[in-house]
Amino acid sequence: MKKSSPLLFLVLLYLVILSPYLSSWLPLVGGMPAGPILRQLAFGLVFIAFFWSSVGLEDLSIKKIRRLYALICILTLASFFYGPSSFVQYAVGVASFVFYPAVFLFSVILLDDEEAEKSEEVFFSFDKFFVGFFMVAAFVGTLDVAMDGGLVELLGYNPNYGGDDFSLITSYNGVVRANAGISDALAFGYLMAVAVIYFFNRSSRTSSWENVLGIGLCTLACMLSLTRGAMISVFLTYMVYMLTFRRFMIMLMILPIAGYIIYVSPYADLFLGRFTDSDESSETSSLLRLVMALNSIDFLSQNPMGIGIGTQGAGNVLSDTDNRLNTDNYFFHIFLELGLFFGPVFILFLYKQFSFAFKRIKSGKFFLSYALLFLVSSALSSSIAFATLGVVYWFVLYLIVLESKIFHED
C-alpha cells in the first residue's frame with residue numbers, strides 16, 4: 001500500500017480554512033467563487049491518491065469501510081440522475097458526502113505508517129499545525145468582535161464573496177458574532193469546541209502554556225460566536241475532563257467569576273436571551289427548529305427519495321434553482337438530500353468510522369467529549385456537513401487515533 005506525503009493534506013487543510021479569503025481575494029471563476037474550486041481540486045487529488053493507495057490493502061476493518069465508501073460514491077452518482085438537483089447544486093453538495101466526512105478514511109489509508117518514526121513525524125507536524133491554527137483562529141475571531149467586524153475586513157474578507165445573494169450568519173441582533181472570516185458563526189463556534197477538546201486531550205500528554213492558553217482563548221471565542229450548541233458542547237467537555245472532586249471544586253469557584261464577567265459585559269443580555277429565549281430572535285429561532293423538523297418529516301413521508309444532493313447547503317445558494325428546506329439538523333440534512341433509502345448507508349459509514357476510531361483511541365474522555373460534540377452539533381445544526389468544520393472534525397479524529405497508536409500502544 002503506497003503512502004502519501006503529509007504535504008498534500010497540509011495543502012488541503014490550508015485551502016479548506018482559507019477558502020473564504022481566497023474567494024474574497026480572487027475573482028469569480030465562471031460565476032463561482034475561486035476558494036471552493038481550489039478546495040475541490042485538492043480533494044480530487046486526495047481522492048485519486050486514496051484509490052491508488054488502496055491497492056493491496058490488507059487491514060480487514062479498513063477494507064470494509066472502504067467498500068462502504070465505494071458504495072456511497074456509487075449511490076451519490078446515481079442520485080444525480082434521478083434527483084431534482086441542478087448541476088451546480090450537485091457539484092457543490094456532493095462533497096459533503098464523498099469528501100469531507102471521508103477525510104478520516106483518506107488519512108488512515110494515506111498517512112498511517114508501520115514505521116514508528118514516520119508516524120511520529122506525521123503526528124507532530126499536524127499537531128503543530130492545529131495548535132497554531134486554533135490559536136490564530138480564536139484570536140482573530142475574538143479581536144474581530146472587539147473591532148465590530150473590522151479586522152476580517154482589513155484582512156480582505158468579503159462577506160458576499162459568492163455573489164450579491166450570498167451571505168453567511170455573522171451577527172445576532174446587530175452584534176458581530178465571532179467567525180474569523182473562515183466560516184459562519186455557527187460552524188466557527190463548533191470549530192472552537194473541537195479546539196477546546198483538542199487542547200484538553202493534549203494536556204494529558206504534555207504540560208505546556210499552549211494548552212492552558214488554547215483552552216481559555218478557544219472557550220472565549222466559542223462564547224463570542226453566540227452558538228448555543230457549541231457553548232453547550234464546551235460546557236460538557238469541561239464536565240467530562242474535570243470530573244474529579246478537586247477539579248470540580250475549582251470549576252465551582254471559577255464559574256461565579258466567569259458569570260460576573262459576562263454579567264457586567266455588553267454581552268450579558270445576549271447570553272441571557274440566547275439561553276432563555278427571552279428575546280424575540282432567539283425565541284423565533286427555537287420555534288423554527290421545531291417547525292423545520294416537522295416540515296422535514298412531512299416532506300420525507302411524501303417524498304422518500306429526498307429532494308436531491310446539494311439542495312440544503314451552499315450549492316443551493318449558488319444555483320439558480322431553489323429547492324431548500326431549512327433544517328438546522330444534520331440528520332434531516334442527510335435524509336433530505338439522499339432520501340430514506342440511501343441516507344442509512346451514509347449514516348452507517350459515519351458509524352463505522354467512529355467505531356474504528358473508538359477501538360483505537362485510548363482516552364475515553366476524548367471520545368466521550370467528541371461524540372457529544374457530534375451529537376449536539378448534528379441535532380442543532382448541519383454545520384458539520386460543510387468543509388471548514390467537517391474536514392477539521394474528521395481529521396482531528398484521525399490525529400487522535402494516530403496519537404494513541406504512537407504513545408499508548410502496548
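Values reported hereafter were calculated over all heavy atoms of this structure, with side chains retained and with hydrogens, waters and symmetry mates removed. Quick note: residue numbers are just sequence positions, from 1.
Taken from CG in Leu340 to CG in Leu300, the straight-line distance is 5.0 Å, to the nearest 0.5 Å. Distance check, rounded to the nearest 0.5 Å: CZ of Arg67 to CD1 of Ile65 gives 11.5 Å. To the nearest 0.5 angstrom, Lys128 atom NZ is 11.0 Å from Leu10 atom CG. If you take CG on Leu110 and CG on Asp112, they are separated by 10.0 Å, rounding to the nearest 0.5 Å. Interatomic distance, CD1 of Ile72 versus OG of Ser79, reported as 11.5 Å (0.5 Å rounding). The CE atom of Met135 lies 4.5 Å from the CG atom of Leu213; values are rounded to the nearest 0.5 Å.
Here the shortest heavy-atom pairing between Cys222 and Val234 reads SG-CG2, 3.7 Å. Contact record, Ala91 with Gln40: O-NE2, 4.2 Å, taken as the closest heavy-atom pair. Between Asp144 and Val152 the shortest heavy-atom distance is OD1-N, 3.1 Å. Between Ser23 and Pro36, the shortest heavy-atom distance links the atoms OG-CD, 3.2 Å. Residues Asn179 and Ser183 approach most closely at CB-O, 3.4 Å, considering heavy atoms. Nearest approach of Ser369 to Tyr241, heavy atoms of both residues: OG-CE1, 3.5 Å.
Counting heavy atoms from C-beta outward, Leu191 and Thr388 have side chains that approach closer than 4.5 Å. Looking at heavy atoms from C-beta onward, Tyr398 lies out of side-chain contact with Val103 at the 4.5 angstrom threshold. Contact of the Ile182 side chain with the Val140 side chain is not registered, since no non-hydrogen atoms from C-beta on lie closer than 4.5 Å. For the pair Phe349/Leu71, no side-chain contact is recorded, criterion being any heavy-atom separation below 4.5 Å from C-beta on. Between Leu397 and Phe356, the closest side-chain pair of non-hydrogen atoms is not below 4.5 Å. Residues Trp25 and Leu22 are in side-chain contact: their nearest non-hydrogen atoms beyond the backbone lie under 4.5 Å apart. Side-chain contact check for Leu38 versus Ser19: every heavy-atom pair is 4.5 Å or farther apart. Counting heavy atoms from C-beta on, the side chains of Arg205 and Glu403 come closer than 4.5 Å.
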Check against side chain to side chain contact (heavy atoms under 4.5 Å, CB included), Ile384 and Tyr190: CA-CA 9 Å; Ile384 202 167; Tyr190 288 115; over 6 Å; no
From CA spacing to verdict: side chain to side chain contact (heavy atoms under 4.5 Å, CB included), Asp184, Phe386: CA-CA 11 Å; Asp184 65 8; Phe386 308 115; over 6 Å; no
Audit row: Asn295, Phe332, side chain to side chain contact (heavy atoms under 4.5 Å, CB included) steps and yes/no: CA-CA 10 Å; Asn295 287 342; Phe332 282 129; over 6 Å; no
Test log, rule side chain to side chain contact (heavy atoms under 4.5 Å, CB included), inputs Phe104 and Phe354: CA-CA 9 Å; Phe104 178 84; Phe354 272 122; over 6 Å; no
Evaluation steps, ring-ring contact (aromatic ring centres under 6.0 Å, His included), between Phe126 and Phe130: CA-CA 6 Å; Phe126 285 108; Phe130 279 111; 7.0 Å; no
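Between His333 and Tyr330, the ring planes are tilted. Angles from 30° to 60° get that label. By the 30° and 60° cut-offs, the orientation of the rings of Phe134 relative to Phe199 is perpendicular. Classified by interplanar angle (parallel below 30°, tilted 30° to 60°, perpendicular above 60°), the ring pair Phe346/Phe97 is perpendicular. By the 30° and 60° cut-offs, the orientation of the rings of Phe374 relative to Trp394 is perpendicular. Ring-plane geometry between Phe106 and Phe50 is classed as tilted, the angle between the planes lying from 30 to 60 degrees on a 0 to 90 degree scale.
With Ser125 contributing its side chain and Val122 its backbone, the two residues share a donor-acceptor pair below 3.5 Å. Counting only distance, with no hydrogens or angles, the side chain of Thr76 and the backbone of Cys73 share a donor-acceptor pair below 3.5 Å. A donor-acceptor pair under 3.5 Å is absent between the side-chain atoms of Asp328 and the main chain of Ser381, judged by distance alone. A donor-acceptor pair is defined here as one N or O able to donate and one able to accept, closer than 3.5 Å; such a pair exists between the side chain of Gln353 and the backbone of Leu105. Side-chain atoms of Ser53 come within 3.5 Å of backbone atoms of Ala49 as a donor-acceptor pair (strictly under, hydrogens ignored). Although no hydrogens or angles enter the test, the distance criterion places no donor-acceptor pair under 3.5 Å between the side chain of Asp127 and the main chain of Phe123. No donor-acceptor pair under 3.5 Å is formed between the side chain of Arg360 and the backbone N or O of Val401. Of the possible polar contacts, one joining the Ser24 side chain to the Asn158 backbone as a donor-acceptor pair under 3.5 Å is found.
A 6.0 Å sphere centred on CZ of Phe124 holds more than 12 heavy atoms belonging to other residues, nucleotides or ligands. Atom CZ of Phe133 sits in a crowded spot, with more than 12 heavy atoms from other residues, nucleotides or ligands closer than 6.0 Å. No more than 12 heavy atoms of other residues, nucleotides or ligands sit less than 6.0 Å from atom OH of Tyr351.
For Phe200 and Phe366, the distance between ring centers is not under 6.0 angstrom. The aromatic ring centroids of Phe331 and Phe335 lie 6.0 Å or more from each other. Ring to ring, Phe43 and Tyr100 are close: their centroids are under 6.0 angstrom apart.
Remark: of the listed residues Ile361, Ile400, Val396, Val396 is the sole one forming a side-chain contact (heavy atoms from CB on, under 4.5 Å) with Tyr370.
A donor-acceptor contact closer than 3.5 angstrom links the side chains of Ser225 and Thr227. Using modelled atom types and a 3.5 Å distance limit, the side chains of Ser377 and Tyr393 yield no donor-acceptor pair.
Both tests do not hold together for Arg202 against Tyr198: distance to the six-membered ring centre under 6.0 Å, angle to the ring axis within 45°.
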